[in-house]
Amino acid sequence: MSLTLHNTKTRTKEPFEPGDPSRVTMYVCGPTVYSRPHIGNARPALVFDVLFRLLRSLYGAEHVVYARNITDIDDKINAAAKESGRPIGDITDEFADIYRADLNALGVLPPTIEPHATAHIDEIIAMIEALISSGHAYEAEGHALFSVSAFADYGKFSNRIRDDMIAGARVDVAPYKKDPADFVLWKPSSDDLPGWDSPWGRGRPGWHIECSAMIEKHLGETIDIHGGGHDLIFPHHENEIAQSRCSHDGAELARVWMHNGFLTMDKDKMSKSTGNIVTVHELSQDHAGETIRFAMLSAHYRQPLDWSDDLLAQAKSTLDRIYGTLDKLCRVDAADDAKPSEAFLAALCDDMNTPKAMAELSALCKAANTTTSDEERALVKGQLLTAGAVLGLLQGDPSSWLKGGTSDDDAEIDALVEARTAARANKDFAESDRIRDELAARNITLEDGPDGTKWRRDC
RNA sequence: GGCCGAGUGGCAGAGUGGUGAUGCAGCGGACUGCAAAUCCGUGUACGUCGGUUCGAUUCCGGCCUCGGCCUCCA
């Protein structure tokens, strides 16, 4: 199955061809750790988790190297530290842990490498020094600045014309800049801010340089896939490209650039600065991580997605149906050589068309529920489970899913169900219906089937 | 102003130059003691105005509306 991916660089879908199929490299811009991640922050992590799983299944788990960074030096972190009076390291550690825990709850696999910016100061300084000595950057008043005029392709990636940007007057026109579009590689730190000694004095790295330095160190000069949110195309990725290519004799930084679309709430961009957010933590209080994951993947990753309670409710209903099907197959062993169906893989390999892939899941459910062949049931069960694994879904115990996990009153419910079964055996339908009504009042729904009565918790 | 992207049936959301994905919800039926689940059936959907075409939701152009980036931002 050949993989096709949309490349931001060319704005088209292209066949994916890694430089080395035995070492497929992917880098995704991770979080700046100073607050809890909101569900919008989780989209790239989730989307590229699916790509990570897909690449592992296509090239072999040992042949994919996925790096997602942690930015632990940043002015917002400094501000949070000052406000709370806590040491910066405390804050970055706490929120990095929360980030990992929140993503874990959504079924996101840990990346192969999780580089921290502060652990790569030497590499950052070395890259800046090289850029200065090659004439692509310069020092000014304790800063190191990248000279955009030294990179002829600057602006090509994000399709931006320099004069328009400067005319916008929103770039920081600092007096020490040779050109208003030049951006900071290194900036001085006052004594109360974290800083490292450098050839340009005590200071800290600019925003973009950490990614260039960490990619070079862990993945190489040219990587296969670079991902992130749509808003990072400019300036972040444009600047990364400038730094890295000028450090590497013009070698391209990434063969494929992928950018996920944004989440909205009530049609407005979800953004920390506007407060229009819901955190992963909050969502996880009321919804299973798998429901949240399913909801996120129900739209194509490049499309905008309006996040709402209704979206989550629909995701839950659909998952209930699939798990209900799997529950009916509980006595069937999945086929030994199980693998996802061709149609499912074809959908995912078409630029990660998760909605279409999920439609295939429904087709499999229908097949399972209509066939009379045990052989086909085994086949379909295997296809459902292996397809689910690529999406990071459906790996839970179906019965447990339907019951909403384990609860203190499970035994009591089981007892009532047994009592009802006894009543039904005696044709005492008044009593059996009374028990069912009693359970219904507690959001318990019963299903009488060939394997006896099953129950599930609706919420 | 420049640059992106989007407008699909009650909702979500794929896709395609010509037989109306898929899920949720609704309706009818089968099944069931009755339900539930499941299955079967059921919807004259593609912002708008033109153009190309035998034929356009799908291609081209104009327009309208909405969102994003151009400053930190997933």
Side-chain angles (χ1 to χ4, degrees), chain A residues 8 11 28-32 37-48 74-76 79 155 158-172 181 183 207 227-236 238 259-264 267-274 277 294-295 297-306 308 310-322 324-325 327-328 343 347 350 353-363 365-366 368-370 402 424 427-430 432-433 436-437 440 444-450 453-456 458:
Chain A
T8 304
R11 319 264 164 186
V28 172
C29 290
T32 302
H38 60 68
I39 189 64
N41 298 128
R43 170 117 99 154
L46 241 157
V47 159
F48 291 105
D74 173 270
D75 287 352
K76 283 185 177 165
S158 56
N159 195 20
R160 254 153 245 264
I161 296 156
R162 258 179 45 80
D163 291 346
D164 290 343
M165 296 182 336
I166 295 163
R170 293 166 93 177
V171 288
D172 179 20
F183 58 89
W207 174 31
H230 196 253
D231 57 334
L232 297 182
I233 294 172
F234 188 89
H236 186 51
E238 185 74 59
H259 293 93
N260 61 274
F262 266 66
L263 251 48
T264 57
K267 303 295 180 190
D268 282 326
K269 178 188 174 184
M270 192 180 288
S271 172
K272 278 182 195 172
S273 53
T274 60
I277 61 168
F294 193 98
L297 297 179
S298 67
H300 183 87
Y301 76 92
R302 281 191 284 118
Q303 297 303 119
L305 176 62
D306 198 48
S308 67
D310 192 48
L311 180 73
L312 286 161
Q314 291 195 16
K316 170 71 162 59
S317 295
T318 307
L319 268 174
D320 282 349
R321 169 179 157 79
I322 300 173
T325 301
D327 195 38
K328 290 185 180 67
D350 180 14
N353 193 335
T354 51
K356 195 172 184 183
M358 285 150 91
E360 294 303 328
L361 257 31
S362 292
C365 286
K366 180 163 287 190
N369 286 327
T370 48
L402 296 170
R424 290 182 71 220
K427 305 275 186 204
D428 184 354
F429 297 121
S432 79
D433 288 355
R436 187 170 61 195
D437 289 346
I444 305 298
T445 304
L446 302 185
E447 272 180 47
D448 298 327
T453 299
K454 294 174 186 285
W455 61 268
R456 67 173 189 279
D458 293 317

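Order of the sequence lines fixes the chain letters, A, B, ..., with proteins taken first and strands second; residue numbering starts at 1 for each chain.
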Per [X] side chain, nearest of listed nucleotides [options]:
X      : options             : answer
A:N353 : B:A14, B:C39, B:A74 : B:A14
A:R436 : B:A37, B:C70, B:C34 : B:C34
A:D231 : B:A6, B:A74, B:A12  : B:A74
A:T370 : B:C39, B:A12, B:A37 : B:C39
A:D433 : B:A12, B:G33, B:C39 : B:G33
A:D448 : B:C11, B:C69, B:C34 : B:C34

_B:A74, OP1 or OP2 - any side-chain N/O from A:N41 closer than 4.0 Å?_
yes
Does [X] contact [N] through a side-chain donor or acceptor facing the base, at a distance under 3.5 Å?
X      : N     : answer
A:N159 : B:G2  : no
A:R43  : B:A74 : no
A:R321 : B:G23 : no

Under 4.0 Å, heavy atoms only, any strand: does [X] hit a base, just the sugar-phosphate, or nothing?
X      : answer
A:K76  : base
A:E360 : nothing
A:S432 : base

_Walk me through whether A:N159 and A:R11 qualify under side chain to side chain contact (heavy atoms under 4.5 Å, CB included)._
CA-CA 11 Å; A:N159 195 20; A:R11 319 264 164 186; 4.3 Å; yes
For [N], the Watson-Crick or wobble counterpart (both distances under 3.5 Å):
N     : value
B:C46 : none
B:C59 : B:G51
B:G7  : B:C64
B:C27 : B:G41

*Could you state the atom-to-atom distance from CG of A:D310 to P of B:G10 in whole Å?*
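Between P of B:G10 and CG of A:D310: 15 Å.
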*Salt-bridge contact A:D327-A:R456 (side-chain N to carboxylate O under 4.0 Å)*: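 The answer is no: the pair does not qualify as a salt bridge.
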